[in-house]
Amino acid sequence: MMCSLALFPPPLPGDGETSHYYSKDEFTTDPSVWFEESHALNLYFPRESLKPHSRPESSSKAAFRDHCETLYTRSAGAWRDAGLSGLLNEIANSSAEVPKWLGVSSRCVLALLQWVSSFHGSLFPHLTLSSEEMTAEFSQVLDWSDCAVRGFAWHPHTQKCAVALLDDSIKIYNPKSSTSPTLKHRLQRSVAALQWKPLCASDLAVACHNCLLVWHVDPTSLSTRPSSGCAQVLSHPGHSPVTSVAWSPSGSLLVSASPRDTAMLVWDVAVESCVPLHRVGGGGVTHISWSPDGSRLMAATPSSLFRVWETRMWTCERWPSLKGRCQSGCWSPDGSRLLFTVQGETVIYALTFTDTPGLPLGMSGGPKAATVVADLSETSLDTPDGDTMVGGEIQSLAWDPRGERLAVLLKGDAGAGRPAMIAVFKTQINPAFKLLPCGFVQGEPGTEPRLMQFNPNFRHGAQLTVCWSNGKITHVAFYFMSARVPQPGVGGSPPLPISQGRPADYVNQTLYTELIS
Amino acid sequence: MPNMIRQSVIFWRAVASIAWSVLLLPPTTALYVVLSRFSLFHPLQWLTECLTVLTSASAIFSFILLCGVVLLVGFFNLEYYSVVPSIACSKIALLGHVLHPRQFFHSLVHCIMGVVVAWCCAVTIGGRYQALGYPCMKDESGPQMCLNENHLVLLLAGAFVGYSHSLLGLVHNMNYISFHTVQQYKYLCFKGTLPLVMRASAVQALYSLRNFLALYFFMGYVPRAWVCRTLDLQVDSSVYSLDCVSGLLDLSLLYQLWISASFLLFTWYITVLLFRIFVTEAYSFPVQPTFQEDAHQCLPEVITGKQPTILKFLALQDLARLSNHCPSRRQEVFSLSQPGGHPLTWTAVNRECLSLLSDLTERLVSHHDNVASNGRTKLQSIGSDKKTSSESSGRYSIFCHSRPFSADLESRGLPGPPHVLRTSWPLSPGYSSIQSPHIMRRGPKLWSASPGGGWGCGPWPICFMMSDWVLFSLQLPEASSQALFADSQAHIWALEGLSHLVAASYSEDQYGVVQTTLPSILSAMLMLQEAVDRHFKLPHASSKPGRSSFSMGDSSYKTLRFALRATLKTSIYRITATFGEHLNAVQMSSEHRKRLQNFLEYKE
């Protein structure tokens, strides 16, 4: 039986019951940071206080370049900045200084190049987007270009988080330390994703406009502005904009993806070398997600195709013939199940992988077809304020590290009166995969969720961190007794007093149960 | 005998790689023929010409010659490869490498092979490049044979490119084989690297050609006169000689030279590439023998074995992979021996990994001590070490260390230290204390000061300043640091293997075999961590080498120390994250406990 939104308890008006949310008069001295009594970290970044980089790089170039430079210097600069097309453009534009035949031939070659690239663009329409638009299109953040918080990452082992902001800076917050370092770098522009390195205290990978930055933020340092010398720059020709990064759970490899590059890069960060994994088809890689056990990696492409890589020999399995491109995906904690959503559809699909230990390599345990596990199409729910429309397309998925809660960020539609919303499911993986409705997470009136992530270090259940459209970051706790033994070593969070925590799970119907054959 | 069986793995892999490179020769040659006869305005004629050339007898003969060359290149790859790069600590040492008889032989053979390939190219191109002599009319004495300079230039270019391939191979450590962190199937790996190899050969051919033309411009008359005299050929005065600007600006000649040089380099690079891919392919050793006769082929045996180094590397790689990916094979490591109930496999693996780690720690500490004491002992050591250092400089400063497969004699000649590795690996502490900068400094110092009348050349400070300056200009920065970590790939795998096994033992080790060794593992890792931390505080140790554009030389050894540092931290974190607070029950010194506490709190 499939789970659908009609079976959900209706969202409450105003301050949702499942989201405890703080009003502005609770601010302490520092307006952007305050701690509630449970030591959780609540942050507020007003949209007005952040200044985005309004000028795209191409228009600012002319303002700074000295036009008295010789043609040779300018051509060399153009070659360095924009490659062959930049060089040809420069030659074609300075027709007074070059011989006539050179100007004409470079214009011809330029036209040919543009024709070829437009043909290529007609095959893969996303290639006609600018870099910023592309990042906004393929980011996991809802409405990325106008969002105050563009990225959020919990440290996998300690109570520490990094927040990427609209003004291209990254702030690191740690409740145990009074300093919150701000990371800025010349190349850190339009941050699309960030992730902490597992099994490491200090390394943070940041997907930037045309490179990948790996920051080494010494946790014992008192500096509030680490120098750019603390960042390693990893770049590869043709690999921009980077829209997704993923560390392997063992911390040894880093994978990065760009919608313009058909190759996915596997980096050995310490050595700064990369292995491009080329595959024909798809036109790029938009989103990657590593299974928590490290054995598989999902890579979505801008066309209706995604791949599941096996990480021992790096072979892949193609999943073509979707209705649209794969928008988001997440793995169950044991790496056996992959949930994914498709753009233009309102359902969640599941793939089940079973590993047979006897068979050494390959995707022997791979599934043959994806099953639909939840239907999130529009429904109207009865609330005290009248009927509310919920449902629609899905922006992103998040599964808590214990595998008990699944959060789904619904895109919503302002025109149709459907706000963006987070629907939460209760899940059970063993012995059979089950999906039960849990509830909705809503913010203050007029705010929408933009980005969400589960806190991997919450001991009393699951804690969902939500970044809202007004620049606030709050944490929604789901308290439950885990059936699974908590993972050793995943800890470090202080014991929390259970505050006003009315358990949000009050419906106990089974809505999706896998048939055990 | 067991050694031979083990060696055969490598041998057969090399044979397979050479076979594949011979199989790839026909398409490469066809491509070369098509490119060399390229003519834009006569496409039909161009294609028919290519077909006739490819089926002619001379083409088949030259193809057989090319096969011979590829076989020989493959043989050289097998003979000269090493998994530990040889790093020259100073320019003198580099010069020593170049002048080494072994390297001289390598260069000579490659030079000759370059001529052979160029001759094959000349025959294939035909036309005015076909032969060395052609009949010409001279005024006085009827028909004679004249020298065809185009042909000569092609042959000389082949020789030059062959020689520079050998020389650059030495400078860029082309014989060094690195293991990739990402394992792929051979075909995919080859397919992914092929465009890079094409580009590298084309670019390298351009550079070599530039150098060759410059050389020919100035020195071209020497080989021309020599060839004319030996073969009794005349110089045709009606034709321009090529060692002038107008002669060398012949576009067709330049194109043919470039295409031929690219073809030559491409076939050789492909052979190197295939050899690397085949040799570094992961090999799965059995953990426990099914029969007693096969015991020497098992993982614990091979890991503790001495020779050859590559098998040890493959075994360590296999250990790292099995500890990470294969629960069933991990189970075999944790199992007890059937009669007796001893954890023999685990003990052997653990002992070898720990000895590797402590070996590196010792090496780092002694290097650090040498550097630290360098300033103090400078004055005292001059008098006492005069005799010994002249010996050691003759022996060691020229050859910073011997290559692993060339100088077994030398390493066997050393007094045998108890440790296994010291005799087998070139970079053992016995050597490292000698090649440390402290002593490296003394060799050149004597050499630079003695011509000026020994030590009485003047006031002491000036002498020091002079020699220091000479030294500064000769010594390569960070080379000593690179040399210390040259074989660190083995340590990286040992760390990964150990830490994954220890982490897995938390849930999989039924008999508690790992538990007893946990204190020693932790202390070995923490000691290494301390030594590595101290090493990275030295000047030049933490400076990253500039990223070079792709060439066939693998420069990953230059950054191995960073990889080791990262792996070491990750490994300790893996253990602390798995065991958590339980580690407080493990016995260790208070200093180590303090360090470990930092790791438990994620403050390292």
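So you know, we letter chains A, B, ... as the sequences are listed, proteins then strands, and number each from 1. Computed over heavy atoms, backbone and side chain alike; hydrogens, waters and symmetry mates excluded.
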A.B. asks: So does B/Phe190 have more than 12 non-hydrogen atoms from other groups sitting under 6.0 Å from CZ?
C.D. replies: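 Yes - once you tally the heavy atoms of other residues, nucleotides and ligands closer than 6.0 Å, there are more than 12.
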
A.B. asks: Working to the nearest 0.5 angstrom, can you tell me the gap between A/Leu213 CG and A/Cys230 SG?
C.D. replies: 12.0 Å

A.B. asks: With a 4.5 angstrom heavy-atom cut-off, which part of B/Gln183 approaches chain A: side chain, backbone, both or neither?
C.D. replies: both

A.B. asks: Heavy-atom pairs under 4.5 Å with chain A - which of B/Lys603, B/His500, B/Arg574 has more of them than the others?
C.D. replies: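 Option with the greatest count: B/Arg574.
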
A.B. asks: Under 4.5 Å heavy-atom distance to chain A, tell me which part of B/Cys189 shows up: side chain, backbone, both or neither.
C.D. replies: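 Neither; nothing under 4.5 Å.
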
A.B. asks: With only heavy atoms counted, which part of A/Lys197 is less than 4.5 Å from chain B, the side chain, the backbone, both or neither?
C.D. replies: side chain

A.B. asks: Is the ring pair A/Trp290/A/Trp314 parallel, tilted or perpendicular, if the boundaries are 30 and 60 degrees?
C.D. replies: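 Ring orientation, 0 to 90° scale: perpendicular.
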
A.B. asks: Quick check: B/Phe562 with B/Phe536 (ring centres under 6.0 Å apart)?
C.D. replies: yes

A.B. asks: Looking at A/Pro276, A/Gly251, A/Cys200, which one has more heavy-atom pairs under 4.5 Å with chain B than the rest?
C.D. replies: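 Winner by heavy-atom pair count: A/Cys200.
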
A.B. asks: Less than 4.5 Å to any heavy atom of chain A: does that hold for the side chain of B/His582, its backbone, both, or neither?
C.D. replies: neither

A.B. asks: Measure centre to centre between the rings of B/His535 and B/Phe485, then say whether the value is under 6.0 Å.
C.D. replies: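 Between B/His535 and B/Phe485, the centre distance is under 6.0 Å.
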
A.B. asks: I'd like to know whether CD of B/Glu508 has more than 12 heavy-atom contacts from other residues, nucleotides or ligands below 6.0 angstrom.
C.D. replies: yes

A.B. asks: For B/Leu188, is it the side chain, the backbone, both or neither that has a heavy atom under 4.5 Å from a heavy atom of chain A?
C.D. replies: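 The side chain, not the backbone.
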
